[in-house]
Trainee: 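Quick one: the structure is below, and I'll ask about it shortly.
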Amino acid sequence: MTDDELLLKLDDSTRNATRHQLDTLRSILDQNGTVLYLQPYLPPHDAPLDDATFPRSVPLSSYDDYADLINQMADSPRHHHQPLLSVDPLVCFFYSSGTSSPRPKLIPYFDSKLSQAASYIAHQGSAAILKRLFPPRPTVNKILWFIYADNVRTTRGGVKVMAASTYPLQSGNANWSQLSFIVSPREVILGSNAEHQMYCHLLCGIRSFDLVDGIRAPYAIGLIKVFCLLESKWEQLCHDLEHGFPNLEISDVAMRNSVVEVLGGPQLDLAKRVRSVFEEKSRGGIVSKLWPNVRYVRCVTTGSMEQYYPKLKHYAGEIPLLGGDYFASECCVGINLDIMQPPEKTRFVLLPTAAYFEFLPFDMNETDAAGKETVDISGVEVGKMYEVIVTTYRGFYRYHLGDIVRVVGFYNLSPQVEYVMKAPKGPNEIITEKELMSAIHKFQLDLGNAMEMEITEFASFVDMELSPKQLKVFVEVEEGCLSLMQEKIEESVVVLRRFCSSLEDGLGGIYGVQRERGESGPLLLYVVKPGSFDRLSQVAIRDGAPASQYKPPKIIRNREIARLLEGCALVTVV
């Protein structure tokens, strides 16, 4: 299928969105209507579920409703008398990309032709949109892609577990000749140490500096880490270019040898060129200084990634920073037709053939959705917010995806939505991700007028063991800011305490009401040392989270994570 045919197919699906949604639901139920999970909800006399009875008979669900069945599949994937979630064979599990829990969820991936067809249209359609904006060039045709086929584990029953982005590279069907557009060799992508892989990606990218057309990563945080590594290790990179091989810290022999081959011997002129770039004081626009032919930088910058956008724009300079699509581990949700827009203007067109979508009305001022009913794709209203509910080819039925979106319009007959935030997890969640991000932004602006303090990361945790419960906010500051604080520690604490009230004021109505009623104690602010959130990522990756999909948590729901950050605190302000 040509790119034009793909885009026409996508366009057609949005013109007939309601019909395609019904067809999608019917095909899912025709295929999987007899699985064990759905048995308790079958109509009388074992009549099959159809598009009319399905929403009335099957309740809304969350991951916990599937956990036992998923664990059974993980422990013994082939010894079930009846299919548990899908009639299709289980291929592997994908890790979820959520980071507020101690361990990532396991999302089953089945060998479903229907699912593969839906994913193909979404992913190839996205690629076609990119190629329409940036037509391929014959010689400058390489991508510096920070991709990691990492953390492939095996369950007790012998099923592989990996990131969704890793599957095409680890499935056994990978055609590496088709991936020759990636600057880095296979051995770097398949390495086992994320920081070493990142370093080698950079080394290979700099070696092929004049061939790089684009720079990509799954999430904005990934590119922030890349540029931070570049700033801290540029002298080592120059040393390695001068000598023609990576430093001895890179212990993976296959990765070292592949990078040596890419370098092709000492590159003295290139090392000199890189040194001259970094001898400049400003890092603004460094992308085009190192890669003069690059046309774009692309990653997801919406949601919790939006905080990194200004810094990425600083590095990118005049190079366009392109947005990503709305693809979840459970299913593809929406496609970004205008990838040039900044995160606050990014809109996703829902894909009517990717899954069956329902929308649960959401109100910021209400903590309980009990009694509310979902609407289908034709029942949403512009300006209103909804939690996304999906029924997928991958064994989830009326499943809370965990995202809140706002409907901003329609593309043909398919809703256009903007991502708002992660859905609150019950009545104990007294602030939202978006409220926290907004409050921290204002807090930093206020502090900037009183003291030099750049906040690089932040998160919150509601401590339910205290009486009354208490909101804890953790902020990480840059190394230079830390030195200034330590020089004037008492003065810094006074300033921080003064602005804590403005931080509290920005945390939303639910938090404010609970503070007034005495149901929540005063906010506790922890200033943690630089590198604390990196330590979180290391722990998460050690425990199974994929390096390529890791996102720092904003709303922490796990006490272990909160305690780790408390242990990194340099200053605590009440």
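The model shown is predicted, which means the values in this text are computed figures rather than measured ones.
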Trainee: Of the options Ser119, Ser112, Ser329, which is the one that meets Arg394 in a side-chain hydrogen bond (donor to acceptor under 3.5 Å, both in side chains)?
Mentor: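 Output: one option passes, namely Ser119.
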Trainee: Salt bridge between Asp338 and Arg347, side-chain N to carboxylate O under 4.0 Å?
Mentor: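 Between Arg347 and Asp338 there is no salt bridge, as every charged N stays at least 4.0 Å from the carboxylate O atoms.
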Trainee: Looking at CG of Leu85 and CD1 of Ile70, how far apart are the two atoms once the value is rounded to the nearest 0.5 Å?
Mentor: 6.0 Å
Trainee: CE/Met198 to CG/Leu229 distance, rounded to the nearest 0.5 angstrom?
Mentor: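 Separation between the atoms: 6.0 Å.
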Trainee: With a 4.5 Å heavy-atom cut-off, do Glu454 and Val477 have their side chains touching?
Mentor: no
Trainee: Does the pair Asp240 and Tyr199 meet the rule for a side chain to side chain contact (heavy atoms under 4.5 Å, CB included), with working shown?
Mentor: CA-CA 11 Å; Asp240 293 354; Tyr199 182 90; 2.5 Å; yes
Trainee: In Å, rounded to the nearest 0.5 Å, how long is the span from CZ of Phe181 to CG of Asn141?
Mentor: 10.5 Å
Trainee: Which atom names give the shortest non-hydrogen contact between Leu223 and Ile215, and what distance separates them?
Mentor: CD2-CG2, 4.1 Å
Trainee: Where do Ile107 and Tyr95 land on the side chain to side chain contact (heavy atoms under 4.5 Å, CB included) test, with the steps shown first?
Mentor: CA-CA 6 Å; Ile107 308 299; Tyr95 287 118; over 6 Å; no
Trainee: Looking at Glu195 and Lys225, is there a salt bridge between them, counting it only when a charged N and a carboxylate O are closer than 4.0 Å?
Mentor: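 Looking at Glu195 together with Lys225, the answer is no, because their closest N to O distance does not fall below 4.0 Å.
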Trainee: With a sphere of 6.0 Å drawn around CD of Glu318, does it hold more than 12 non-hydrogen atoms of other residues, nucleotides or ligands?
Mentor: no
Trainee: Side chains of Tyr526 and Lys472, heavy atoms from C-beta outward: is any pair under 4.5 Å?
Mentor: yes
Trainee: Does any part of the side chain of Ile440, heavy atoms only, come nearer than 4.5 Å to the side chain of Val473, both counted from C-beta?
Mentor: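 The answer is yes, as the side chains (C-beta and beyond) meet within the 4.5 Å cut-off.
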Trainee: Calculate, to the nearest 0.5 Å, the distance between atoms CG and OG belonging to Asp111 and Ser86 respectively.
Mentor: 9.5 Å
Trainee: Return the OG to CG distance between Ser184 and Leu203, rounded to the nearest 0.5 Å.
Mentor: 9.5 Å
Trainee: Do the non-hydrogen side-chain atoms of Ser460 and Ile556 ever get within less than 4.5 Å of each other?
Mentor: no
Trainee: Do the non-hydrogen side-chain atoms of Asn193 and Asp252 ever get within less than 4.5 Å of each other?
Mentor: no
Trainee: Could you check whether Asp213 pairs with Lys142 (Lys NZ or Arg NE/NH1/NH2 to Asp/Glu carboxylate O, under 4.0 Å)?
Mentor: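 The answer is no: the pair does not qualify as a salt bridge.
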Trainee: Does the Thr154 side chain pair with the main chain of Gly158, one donor and one acceptor, at a distance under 3.5 Å?
Mentor: no
Trainee: Check this for me: Arg137, atom CZ, are more than 12 non-hydrogen atoms of other residues, nucleotides or ligands nearer than 6.0 Å?
Mentor: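 Counting neighbours around CZ of Arg137, more than 12 heavy atoms of other residues, nucleotides or ligands fall under 6.0 Å, so yes.
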Trainee: Could you tell me if the side chain of Lys160 sits less than 4.5 Å from the side chain of Arg153, heavy atoms only?
Mentor: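 Side chain of Arg153 against side chain of Lys160, heavy atoms only: no contact under 4.5 Å found.
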Trainee: Looking at Lys311 and Glu478, is any side-chain nitrogen of the basic one under 4.0 Å from a carboxylate oxygen of the acidic one?
Mentor: yes
Trainee: For Tyr66 and Tyr399, take the angle between the two ring planes, folded into 0 to 90°, and tell me which bin it lands in: parallel under 30, tilted 30 to 60, perpendicular over 60.
Mentor: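 Ring orientation, 0 to 90° scale: perpendicular.
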Trainee: State whether Glu242 and Arg275 are salt-bridged, where the test is any N-O pair (Lys NZ or Arg NE/NH1/NH2 against Asp/Glu carboxylate O) under 4.0 Å.
Mentor: yes
Trainee: Evaluate the side chain to side chain contact (heavy atoms under 4.5 Å, CB included) criterion for residues Thr353 and Lys9: first the C-alpha distance (whole Å), next the side-chain angles of each, then the deciding distance (0.1 Å), finally the verdict.
Mentor: CA-CA 10 Å; Thr353 60; Lys9 194 172 183 68; over 6 Å; no
Trainee: With heavy-atom distances below 4.5 Å as the criterion, would you say the side chains of Ile404 and Val388 are in contact?
Mentor: no
Trainee: Count the heavy atoms belonging to other residues, nucleotides or ligands that lie under 6.0 Å from NE2 of His441, then report whether that count exceeds 12.
Mentor: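 Not buried by this count: 12 neighbours or fewer within 6.0 Å.
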Trainee: To the nearest 0.5 Å, tell me how far Phe134 CZ sits from Arg298 CZ.
Mentor: 9.5 Å
Trainee: Salt bridge or not for Arg256 and Glu187, using N-O below 4.0 Å?
Mentor: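 Salt bridge: no.
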Trainee: Are Glu457 and Lys554 close enough for a salt bridge, meaning some N to O gap below 4.0 Å?
Mentor: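 Yes, Glu457 and Lys554 are salt-bridged.
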Trainee: Counting heavy atoms not belonging to Glu280, are there more than 12 under 6.0 Å from its CD?
Mentor: yes
